Structures are given as C-alpha cells and as structure tokens.
> 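A single structure is presented below for examination.
This structure is a prediction, so every number in the text was calculated from the model and none was measured.
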Amino acid sequence: MAQEHDLFDDIIEISKGFDFLKNPLGGVTDALDPSAPQWNPADYKERPRGNTIPCLTCKNEKSGCTACMDVCPVNAIEVEEDAIEILDTCRKCGLCAAACPTEAIISPRLAPKNLYDDIVSAATSHETAYVTCTRALKRMPRENEVVVACVGDITAETWFSVLADYPNVSVYLPLGVCDKCRNTGGEDILGEAIATAEEWAGTGMGLEVDPKSLKCHKRREYERKEYMEKIARTTGLTVTKLNPATAALASVTQKLKAHRHQITQLERTLNTMCGTTTTKRRRSLTHGRQLVLSTLQNHPELAQNMQVSTPECDFDKCTSCGECVNVCPTFACDLVGSGRFALESTYCLGCGACVKVCPEHALKLVEHDASNLVVVDPEAEEKAAQKAKAHEEAQKVKAEAKAKLDKMLDQVEKLAD
C-alpha cells in the first residue's frame, strides 16, 4: 500500500528544486567534464587469479574437475603440474570464478560476498535494484544498478541470499544482447543459477528487458533519513530525534555491518562446535557457503527447499588411508579416533572429490535437504531467552497487581455492605 505524501515529502521536493536552480546544467556539465567518470566497460572487468590450495585438480588429478576450463569461452585456462595458469587470451569475463566449486579462481570484484554487498546496498536504498552486464548497459550505471562483466558471474548461492531478503532485485538483460556476446554460455549459466536460487528461496527473480522501464527511485524512508543526515551535517542539529521511526531505520552501512558480524559470529560458532582444525589443516568456508549459512540461519524454513549432497562412508570397506582428507578442498572430512571417517557437513561443498579418490569405494554421495546446514545463532537464542524471561516476569507482575486490585475491591465491597 502506497504511503501518503506528507509535509516532509514536500520539503524534500522543494530542496531538490533548490538544488536544481543552483546547478541547472549539472548533468550536461558532468558529461562535458573530462575529469568526470566516463563509461568504460574495462572498469568492470578483472583478470582472475588461480589459487592452487583449494583447487580440486591441483590436489589430485583423479578428482576430474574441469569446471573452469569447460566454461572459459576462449580456452584461456590451463591446470597442470599443480598450477593454474590464466593465459593472455583471457577476456576477463569472470565465468571461471563463478563456475569453480571451491573458489580456487579468485576475482575480488566477483567474490560472492562483495557482489552480495553491492546488490544489497542498491536494494536497501532504492525501490528497485538492477543487476546487469556491460553489454546491456553501455553507460555509466546509476546508484541502483550493479554492473558485472557477464550476467553469469553471479552464483546460485549469491542469488539465493539476495532473493531471501530482497524481492526488489531484478536482472536487466535486453533481448538479443547475449546472442551476439563472445562470452558463450553466460546466459545459460545465469538461467541455471537463478532457477536454482528461486527453488531454494521459494520466490521469483524479476527480469527487465526494456531500457525505458529502468527506474531509479530511492526508498521513501531512505530518502528521508538521507535528507535529515544532510541537515545534521549542515546545521549540527540532531534531526533524527524528531522522527523516531526514521531514526530507527537501519542505514545501508549498518545492514552490511550487521551481516558481516553475523558471518563472523557464525564462523566462531562453527569453530566451537567442530573445532578449528583437522588432522591435516584448518577448515575453511567459501564465501558462497558463508552466504548460504547466514541466510539459512535467518530463514531455517528454507532448508527444506535445498538439496545438497554429502559423502557417506561404508566403514566395512574403509581402510583409513586418508586420501579423502588429503583431497578435500575445505577439509570438511577427517579421520578421528582410531581412523574413523567423520564429516562436518557445514563445510562440505558436495564436490565429490573424496568419493572419486577413495581406492576402496567406501564413500558415496547421498542427496538430502539442507537441514543440517542450519547453524543455531547463540546470540539470537540468548536474546530470545531474555525476551521470554522478561515477558514471563511482566506477566507475573501483572498477575500480582491484578490479585492485589481484586483484594482491594473485595474489601471495598465489604465496607460498603
């Protein structure tokens, strides 16, 4: 339901009018100013780097993983002799970084957490946020437009985390853009990633194909808060005290900071539950898995929508050789006690490397829902317990007060008789 326009909205509109009168040719002068940012598709592209430590093929050739090489449109990736080489023919499309299941191909610009932050920043402050590519936009992006080299650069895990909390995000992809693109396969990868994310989140992703339909409208509450903060900086007055509802609104920075804190706390919780290391090396969470775990922590009901695969061990066949531990990219599995196979499912990516290298075929991947990926939040539990205790005490005080009142009324009635 649309919110009614009030006096404060009028003040903001008048302020915008004054800003325009001060600089009526602002947009034109910016376009003519050589020092102003100019559209350059290369600014949104980045040559990836290889990290051999989590690379499945570098760990063991038997893993059979060729995801990065299969998706590269120009065959610019070679993995051999325990090394990942990115050739000079690389188009910097970023598809390899999104395809790698263990995030062994590194591209800081396309890191799932960085993309999540960019999209959430736009979605929090604007009515609609758009994710698009350089070929689709062909101009400097607005505040609510997130540009990547290729639309296939965003993983299903990232889309899932966005969709779970921000239904106002859409993909902008005009018809025919992908047909002529040299990043072959990007559109198919996007479709598969979004389809998976929609199934997990139980909601749909918006799609915009008409450039004339792109809007850049700030959220009403965000625009109000932004305006009052501007007054506070200019006058020194704490204007937010005049409007408690707006003062309580979390800013973009606060939301992202809270999300980062949640991930940090989640890792601490896992370290407490599982231990920080295995017999071989310290366990690690990929960025994508961090996003999934934090989302499921906030929305545990979505775990039943997700299907994940984890290895199960036939202990009658297992010889405790340790090959599974050696090849695991996140060290999710370990040999404990007298050499018994054990798995920490929150770290397991379901890559199947352990299954492929097991000489005795003692391991097999089993598909199930993601219920075991829901990590209880100690802080949330403590707050809930405190809230329940406070409610209980309030009810107790209320009952005692009612009892005293009833007793007084009884005495008044006796005196009246």
> After noting the C-alpha distance and the side-chain angles of Lys113 and Leu291, does the key distance pass the side-chain contact (heavy atoms from CB on, under 4.5 Å) rule?
CA-CA 7 Å; Lys113 284 202 295 186; Leu291 290 179; 4.2 Å; yes
> Please confirm whether the backbone N or O of Glu267 pairs with a side-chain atom of Asn271, one donor and one acceptor, at under 3.5 Å?
yes
> Under the 3.5 angstrom rule, does the side chain of Gln297 hit a backbone N or O of Val375 as a donor-acceptor pair?
yes
> Determine whether Glu312 and Leu343 satisfy the following criterion, side-chain contact (heavy atoms from CB on, under 4.5 Å), listing intermediate values before the conclusion.
CA-CA 9 Å; Glu312 284 189 2; Leu343 178 75; over 6 Å; no
> Kindly indicate whether the side chain of Leu137, heavy atoms from C-beta on, has any atom under 4.5 Å from the side chain of Tyr130.
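Leu137 vs Tyr130: side chains apart.
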> Do Tyr172 and Val177 have side-chain heavy atoms sitting under 4.5 Å apart?
no
> Do other residues, nucleotides or ligands put more than 12 heavy atoms under 6.0 Å from Arg142 CZ?
yes
> Compare every heavy atom of Leu365 with every heavy atom of Pro311, then report the nearest pair and how far apart it is.
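What the structure gives for the nearest pair is N-CD2, 3.7 Å.
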> Can Asp153 and Arg109 be counted as an ion pair, charged N to O under 4.0 angstrom?
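Salt bridge absent between Asp153 and Arg109.
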> Please give me the minimum heavy-atom distance between Leu285 and Thr346, naming the atom from each residue.
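Scanning both residues completely, I find the closest heavy atoms to be CD2-O, 3.7 Å.
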> Check whether any side-chain heavy atom of Asn114 lies under 4.5 Å from a side-chain heavy atom of Leu110, and answer yes or no.
no
> Just do the side chain to side chain donor-acceptor pair (under 3.5 Å) check on His299 and Asp165 with the steps written out, would you?
CA-CA 9 Å; His299 305 281; Asp165 290 308; 2.7 Å; yes
> Under a 4.5 Å cut-off applied to non-hydrogen side-chain atoms, are Ser125 and Lys218 in contact?
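Side chain of Ser125 against side chain of Lys218, heavy atoms only: no contact under 4.5 Å found.
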> What distance do Cys100 atom SG and Asn51 atom CG have between them, rounded to the nearest 0.5 Å?
9.0 Å
> side-chain contact (heavy atoms from CB on, under 4.5 Å), that's the test. Do Asn326 and Glu323 meet it? Break it down for me.
CA-CA 5 Å; Asn326 293 332; Glu323 286 298 314; 4.0 Å; yes
> Judged by atom type as modelled, is there a donor-acceptor pair below 3.5 Å linking the side chain of Asn60 to the main-chain atoms of Cys324?
no
> Is there side-chain contact between Arg283 and Cys328, with heavy atoms separated by less than 4.5 Å?
no
> Return the SG to NE2 distance between Cys216 and His126, rounded to the nearest 0.5 Å.
4.0 Å
> Between the side chain of Ser161 and the main-chain N/O of Thr295, is any donor-acceptor distance below 3.5 Å?
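It does not hold such a pair.
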> Using a 3.5 Å distance criterion without hydrogens, assess whether the side chain of Arg289 forms a donor-acceptor pair with backbone atoms of Cys348.
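Pair found, side chain donor or acceptor close to backbone of Cys348.
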> With the side chain counted from C-beta on, respond yes when Thr134 and Val147 share a heavy-atom pair under 4.5 Å apart, and no when they do not.
yes
> Run the numbers on Lys215 and Thr128 for side-chain contact (heavy atoms from CB on, under 4.5 Å), then give the verdict.
CA-CA 7 Å; Lys215 306 297 181 183; Thr128 305; 5.9 Å; no
> For the CE atom of Met306 and the OG1 atom of Thr196, what is their distance to the nearest 0.5 Å?
9.5 Å
> Within a reach of under 6.0 Å around CD of Gln307, are more than 12 heavy atoms found that belong to other residues, nucleotides or ligands?
yes
> Which atoms form the tightest heavy-atom contact between Ser294 and Gln262, and what is the distance?
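Shortest heavy-atom contact: O-NE2, 3.1 Å.
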> Is a salt bridge present between Asp88 and Arg47, judged by a nitrogen-to-oxygen distance below 4.0 Å?
yes
> Roughly how far, to the nearest 0.5 Å, is the SG atom of Cys90 from the CD atom of Glu46?
10.5 Å
> Search all heavy atoms of Ile105 against all heavy atoms of Cys96 and return the closest pair with its distance.
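Looks like CG2-SG, 3.5 Å.
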> Determine whether Phe341 and Phe315 make a side-chain contact, defined as any pair of heavy atoms from C-beta on separated by less than 4.5 Å.
yes
> Identify all side-chain donor-acceptor contacts of residues 197-212 below 3.5 Å with residues at least two apart in sequence or on another chain.
unit_1 : atom_1 : unit_2 : atom_2 : d
Glu198 : OE2    : Met205 : N      : 2.6
Glu208 : OE2    : Asp210 : N      : 3.2
Asp210 : OD1    : Lys212 : N      : 3.0

> For residues Leu335 and Ser320, report the shortest heavy-atom separation together with the two atoms involved.
CD1-O, 3.7 Å
> Would you compute the distance between atom CG of Leu363 and atom SG of Cys354 and round it to the nearest 0.5 angstrom?
5.0 Å
> Residues two or more places apart in sequence or in another chain: which of them pass side chain to side chain contact (heavy atoms under 4.5 Å, CB included) with Asn168?
Ala123, Tyr166, Arg219
> Would you check if the side chain of Thr155 reaches a backbone N or O of Thr158 as a donor-acceptor pair within less than 3.5 Å?
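Yes: the side chain of Thr155 pairs with the backbone of Thr158.
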> Checking Asp117 side chain against Leu256 main chain: does a donor-acceptor pair fall under 3.5 Å?
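No, Asp117 side chain to Leu256 backbone: no donor-acceptor pair under 3.5 Å.
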> Looking at CD of Glu301 and CG of Leu296, how far apart are the two atoms once the value is rounded to the nearest 0.5 Å?
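That separation rounds to 9.0 Å.
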> Taking only residues two or more places apart in sequence or in another chain, which ones pass side chain to side chain contact (heavy atoms under 4.5 Å, CB included) with Asn372?
Ser345, His368
> To check you understand the geometry: which heavy-atom pair defines the closest contact between Cys65 and Thr57, and what is its length?
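Closest approach of Cys65 to Thr57: O-OG1, 2.6 Å.
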> Is any side-chain heavy atom of Val146 closer than 4.5 Å to one of Val169?
no
